[in-house]
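Just the heavy atoms: all of them, side chains too, but no hydrogens, waters or symmetry mates, feed the values below. Here the structure is a predicted model, which means the values were calculated and not measured.
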Amino acid sequence: MGMQTLTLFGSPHPISQNAVVPRHAMSRSSETSFPTLTTISISFSQLQDKNADLSFKIEEGFGPNGLGILSVTDVPGYSSLRRNLLHLAPRLANLPKEVKEDLEDPHSRYNFGWSHGKEKLESGKPDILKGSFYANPILDTPTTEASLIQRYPSYCRSNIWPRNALPELEVAFKALGKLIFDIGLMLAYHCDQYVSKGMKIHKDEGLESILHRSRCHKGRLLYYFPSQQGVPDGNSLSSWCGWHTDHGSLTGLTCSMFTRDGVEIACPDSAAGLYIRTRNNQIVKVVYGKDDIAYQIGETTEILSGGYLCATPHCVQAPKGEESSGIERSTFALFMQPDWDEKLNFPEEVHIHKEVPPNK
């Protein structure tokens, strides 16, 4: 691919010839000055085959010149599990105030149960645009040891479910979370095969082993409330979710569901969605199929893999314009991370990707 220039915050920046740009996947919409790329994808049947050499695909998606994200296609049963859970997000968010208060867990720093307005936007203001529901989809009670619960409340406390007000939530949340976890383990196996070609991975210290024995994976169901006046800071690229790099090992993501008055619709703004800052410091919009599961590398994996697998900063832009009024967005993420007492064997050279500098 030849040298291409795009505008980044008002000044031209070249895309390096070494950058991995998916062959099938580049376009530029009139609404945004940033290129749109489709994720590198791996089919479920390919992922299932432990004898398949997927190193090229892993390197394209997760390697030093990749976007830090790839998607898995054709996962049996995934489409209905995604739809079942995401349709429950508006119902959860619209439960009576006192019911949602019973689902809050301040002792876990709101990392279990319902959370709304507890986090801060990049501006420092409370984030009232979205509500979140957190739970461990694999283990309801990761541990009963009081000292661990006191020391690691964000990971070790028990799940809280609205078993009377919305009993379907527990079933749907666990079903989708477990599936994304199982596919994540399959992907982790192939990541280990790729990394082992460049560095020695000691027995039981690969990504697959670390994730398999962890007790603190965390699912997050997100619901973005409809805005009648448009989203505050709506012109900002990070208007729905600020720039950040995932700190865990591997994050599984559903494609967002957009609704208005409870009816599923297409997103009215093609510029809205996920943006990634590439290894070459370029910003690109990233898309993947509605029925695909996307996976992003976290900083822990980048460090442990010696930089063979790379995390990238990313943000989410809200839809803009009159047609975006009253739009709701529901999505789900599974954060897979090492156990709280996992002994991590760091390489001699620790590889850390520079975080995006704050606006100020």
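- One side chain, Ser108 or Asp105, offers a donor N or O that lies under 3.5 Å from an acceptor on the other.
- Side-chain contact, Ser249 with Gln337: no donor N or O sits under 3.5 Å from an acceptor N or O.
- Inspection of the Arg82 and Thr254 side chains reveals no N or O donor paired with an N or O acceptor under 3.5 Å.
- In this structure, CD1 on Ile201 lies 5.0 Å from OG on Ser196, to the nearest 0.5 angstrom.
- Under the rule for a side chain to side chain contact (heavy atoms under 4.5 Å, CB included), the partners of Val99 that lie at least two apart in sequence or sit in another chain are Leu95, Pro96, Ala165.
- For the atom pair OH of Tyr194 and CG of Asp192, the computed distance is 12.5 Å after rounding to the nearest 0.5 Å.
- Side-chain atoms of Ser71 never come within 3.5 Å of backbone atoms of Ile293 as a donor-acceptor pair (strictly under, hydrogens ignored).
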Working for ring pair (Phe, Tyr, Trp, His ring centres under 6.0 Å), residues His107 and Phe112: CA-CA 9 Å; His107 297 294; Phe112 282 97; over 10 Å; no

Audit row: Thr73, Ser41, side chain to side chain donor-acceptor pair (under 3.5 Å) steps and yes/no: CA-CA 7 Å; Thr73 65; Ser41 65; 5.2 Å; no

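- Side-chain N or O atoms of Lys285 include one that pairs as donor or acceptor with a backbone N or O of Ala272 at under 3.5 Å.
- Between the Gln150 side chain and the Ser147 main chain, no donor and acceptor come within less than 3.5 Å of each other.
- A distance below 6.0 Å separates the ring centres of His217 and Phe181.
- With hydrogens and angles left out, the side-chain atoms of Ser79 and Asp291 include a donor and acceptor closer than 3.5 Å.
- Donor-acceptor pairing under 3.5 Å is recorded for the side chains of Ser158 and Thr141.
- Residue Glu168 qualifies as enclosed at atom CD: its count of foreign heavy atoms under 6.0 Å is above 12.
- Ring pair Phe335/His247: centre-to-centre distance not below 6.0 Å.
- A donor-acceptor pair is defined here as one N or O able to donate and one able to accept, closer than 3.5 Å; no such pair exists between the side chain of Asp292 and the backbone of Ala294.
- Under a hydrophobic-cluster definition in which Ile, Leu, Val, Met, Phe, Trp and Tyr are linked whenever side-chain heavy atoms come within less than 4.5 Å, directly or via other members, Tyr189 and Ile40 are assigned to different clusters.
- Ring pair Trp161/Phe133: centre-to-centre distance below 6.0 Å.
- Taking the charged nitrogens against the carboxylate oxygens, Glu264 and Arg329 have no contact shorter than 4.0 Å, which rules out a salt bridge.
- Remark: Asn94 pairs with Pro90, Tyr223 by the side chain to side chain contact (heavy atoms under 4.5 Å, CB included) rule, at least two apart or across chains.
- Once rounded to the nearest 0.5 Å, the distance linking CG of Asp339 with OH of Tyr155 reads 10.5 Å.
- In the hydrophobic clustering of this structure, Leu185 groups with Leu54; members are Ile, Leu, Val, Met, Phe, Trp, Tyr whose side-chain heavy atoms approach within less than 4.5 Å, directly or through other members.
- Here Phe173 and Phe332 bring their ring centres to under 6.0 angstrom of each other.
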Just list the side-chain donor-acceptor pairs under 3.5 Å for residues 205-212, sequence neighbours left out, or say none.
from, atom 1, to, atom 2, distance (Å)
Glu205, OE1, Asn345, ND2, 3.0

